[in-house]
Amino acid sequence: MAKTTLTFQPARGRACLKDRIYAQLKSAIEAIDIYDPDVDLRLDERKLAVELETSRTPIREALTRLENDGIVRIVPRKGVYIVRRSKDEIVDMIHAWAAVESMAARLATERASDQAIAGLRDKLNGYGPEPTQTDLDEFDGRDVDFHNSIINMSECATLRRMADDLYAHIRGARARLEFNPKGVRASVTEHEAIVDAIESRDGELAERRVRNHALALARHVRDHIELPL
């Protein structure tokens, strides 16, 4: 079994130490592929304290918060483990994401500036009729950025927090996606239609297009993605 390799910077600075450690741990966990069958999901509290150059007390506080988030599980007398979600759980979370992002799109039609909407359109620049290998290699990051921008354009902090919590679990399943030219072209076409609806300030249409786009991902994960337990 491969060892879990988490990358950190020492938890120093003026910001609240326990908040910084929580953020560092969460970010480090999100950076690894937790659905790799060979990854070791166990976290060593003592090793974390050494790598973050702090005592074990704030480490424990941060791990408790991560457990409340559903990201780790603390097993008494056994240790701390990164949580893998089942396929059914991931699909349910994508359904929830569909609700969150679709409402964000509706709010974006009411609240986003023309400049912000133009910026969303700009994120689609560079894609041609036939996606290149570079398009395939970069699509995941650009896709996440596109959808996060819609959340941000809602100017709703509650939706932002909900989206962040959901993505902490969904991102592992996204890492199993394989992108092909046909799929990327179809997704970009749907993105273009979403931007069209937001540009026209049609809240109902924007909400429906974003929701349908997300639900297509849920169906794809359900039918084509295998996740280890």
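Starting from 1, each residue takes its place in the sequence as its number.
Nearest heavy-atom pair across Lys26 and Ala168 is CE-CB, 4.2 Å. Looking at every heavy atom in both residues, Leu120 comes nearest to Ser149 through CD1-CB, 3.9 Å. In this structure, Thr109 and Gly203 approach most closely via the heavy-atom pair OG1-CA, 3.4 Å. Residues His169 and Asp165 come closest through the heavy atom pair CD2-O, 3.3 Å. Contact record, Ala214 with Ala98: CB-CB, 3.6 Å, taken as the closest heavy-atom pair. For the residue pair Pro131 and Leu136, the shortest heavy atom distance occurs at CB-CD2, 4.4 Å.
Judged purely by atom type and a 3.5 angstrom limit, Glu67 uses its side chain to pair as donor or acceptor with the backbone of Ile74. Looking only at distances, a side-chain donor or acceptor of Arg85 sits under 3.5 Å from a matching main-chain atom of Gly70. Arg185 places a side-chain N or O within 3.5 Å of a backbone atom of Gly128 that can act as its donor or acceptor partner. At distances below 3.5 Å, at least one donor-acceptor pair connects side-chain atoms of Asp135 with backbone N or O atoms of Thr132. Between the Arg73 side chain and the Arg84 main chain, no donor and acceptor come within less than 3.5 Å of each other. Judged purely by atom type and a 3.5 angstrom limit, Ser154 uses its side chain to pair as donor or acceptor with the backbone of Ile151. Side chain of Arg142 to main chain of Phe139: no donor-acceptor pair is present (N/O by atom type, distance under 3.5 Å, no hydrogens or angles).
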_Does Val210 form a side chain to side chain contact (heavy atoms under 4.5 Å, CB included) with Ile198? I'd like the steps, not just the answer._
CA-CA 10 Å; Val210 167; Ile198 294 175; 5.5 Å; no
*Determine, step by step, whether Ile117 and Met153 satisfy the side chain to side chain contact (heavy atoms under 4.5 Å, CB included) criterion, reporting the C-alpha distance in whole Å, the side-chain angles of both residues, the deciding distance to 0.1 Å, and the verdict.*
CA-CA 8 Å; Ile117 296 174; Met153 287 165 57; 3.7 Å; yes
*Apply side chain to side chain contact (heavy atoms under 4.5 Å, CB included) to the pair Thr158 and Arg161, showing each step before the final yes or no.*
CA-CA 5 Å; Thr158 299; Arg161 287 193 297 271; 3.3 Å; yes
*Let me see the working for Leu43 and Leu25 under side chain to side chain contact (heavy atoms under 4.5 Å, CB included), right down to the final yes or no.*
CA-CA 10 Å; Leu43 301 179; Leu25 286 174; 5.6 Å; no
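Both Leu177 and Ile34 belong to a single network of hydrophobic side chains, linked directly or stepwise wherever heavy atoms of I, L, V, M, F, W or Y lie under 4.5 Å apart. In the hydrophobic cluster analysis, where Ile, Leu, Val, Met, Phe, Trp and Tyr join through side-chain heavy atoms closer than 4.5 angstrom, Phe179 is grouped together with Val188. Val83 and Ile170 fall into different hydrophobic clusters, defined by Ile, Leu, Val, Met, Phe, Trp and Tyr side-chain heavy atoms under 4.5 Å apart, directly or through other members. In the hydrophobic clustering of ILVMFWY residues, with side-chain heavy atoms under 4.5 Å counting as a link, Leu107 and Met162 come out together. When hydrophobic clusters are built by joining Ile, Leu, Val, Met, Phe, Trp and Tyr residues whose side-chain heavy atoms come closer than 4.5 Å, directly or via intermediates, Leu217 is grouped together with Ile225.
Looking at heavy atoms from C-beta onward, Tyr167 lies out of side-chain contact with Asn148 at the 4.5 angstrom threshold. In this structure, Asp196 and Arg121 have side chains that are in contact, with non-hydrogen atoms separated by less than 4.5 Å. At least one side-chain heavy atom of Ile29 sits under 4.5 Å from a side-chain heavy atom of Val72. Residues Asp114 and Arg201 form a side-chain contact, since some pair of their non-hydrogen atoms from C-beta on lies under 4.5 Å apart. The shortest side-chain heavy-atom distance between Arg219 and His224 does not fall under the 4.5 Å cut-off. For the pair Cys156 and Arg111, the minimum side-chain heavy-atom distance is below 4.5 Å.
Residue Ile194 holds its CD1 atom at 6.5 Å from CD of Glu101, rounded to the nearest 0.5 Å. From Arg42, atom CZ reaches atom NZ of Lys47 across 11.5 Å, with rounding to the nearest 0.5 Å. Annotation: the span from Glu61 atom CD to Arg56 atom CZ amounts to 13.5 Å, rounded to 0.5 Å. One distance of note links CZ of Arg209 with CG of Asp202; it measures 8.0 Å at 0.5 Å rounding. Atom CG of Asp143 sits about 5.5 Å away from atom NE2 of His213, to the nearest 0.5 Å. Between the CG atom of Leu227 and the CD1 atom of Ile90 there is a distance of 6.5 Å, given to the nearest 0.5 Å.
When each of Ile150, Val100, Asn152 is tested with Leu159 by the rule side-chain contact (heavy atoms from CB on, under 4.5 Å), just one qualifies, namely Val100. Evaluated for a side-chain contact (heavy atoms from CB on, under 4.5 Å) with Tyr35, the options Ile32, Asp33, Val39 yield exactly one hit, Asp33.
Checked for salt-bridge contact, Asp19 and Arg65 meet the test: a charged N lies under 4.0 Å from a carboxylate O. Salt bridge status for Asp164 with Arg160: present, with a side-chain N to carboxylate O gap under 4.0 Å. One finds no salt bridge joining Lys87 and Asp223 here, because no Lys/Arg side-chain nitrogen approaches an Asp/Glu carboxylate oxygen to under 4.0 Å.
Classification of the His191-His147 ring pair by plane angle, with boundaries at 30° and 60°, yields perpendicular.
Other residues, nucleotides and ligands contribute more than 12 heavy atoms inside 6.0 Å of the CD atom of Glu110.
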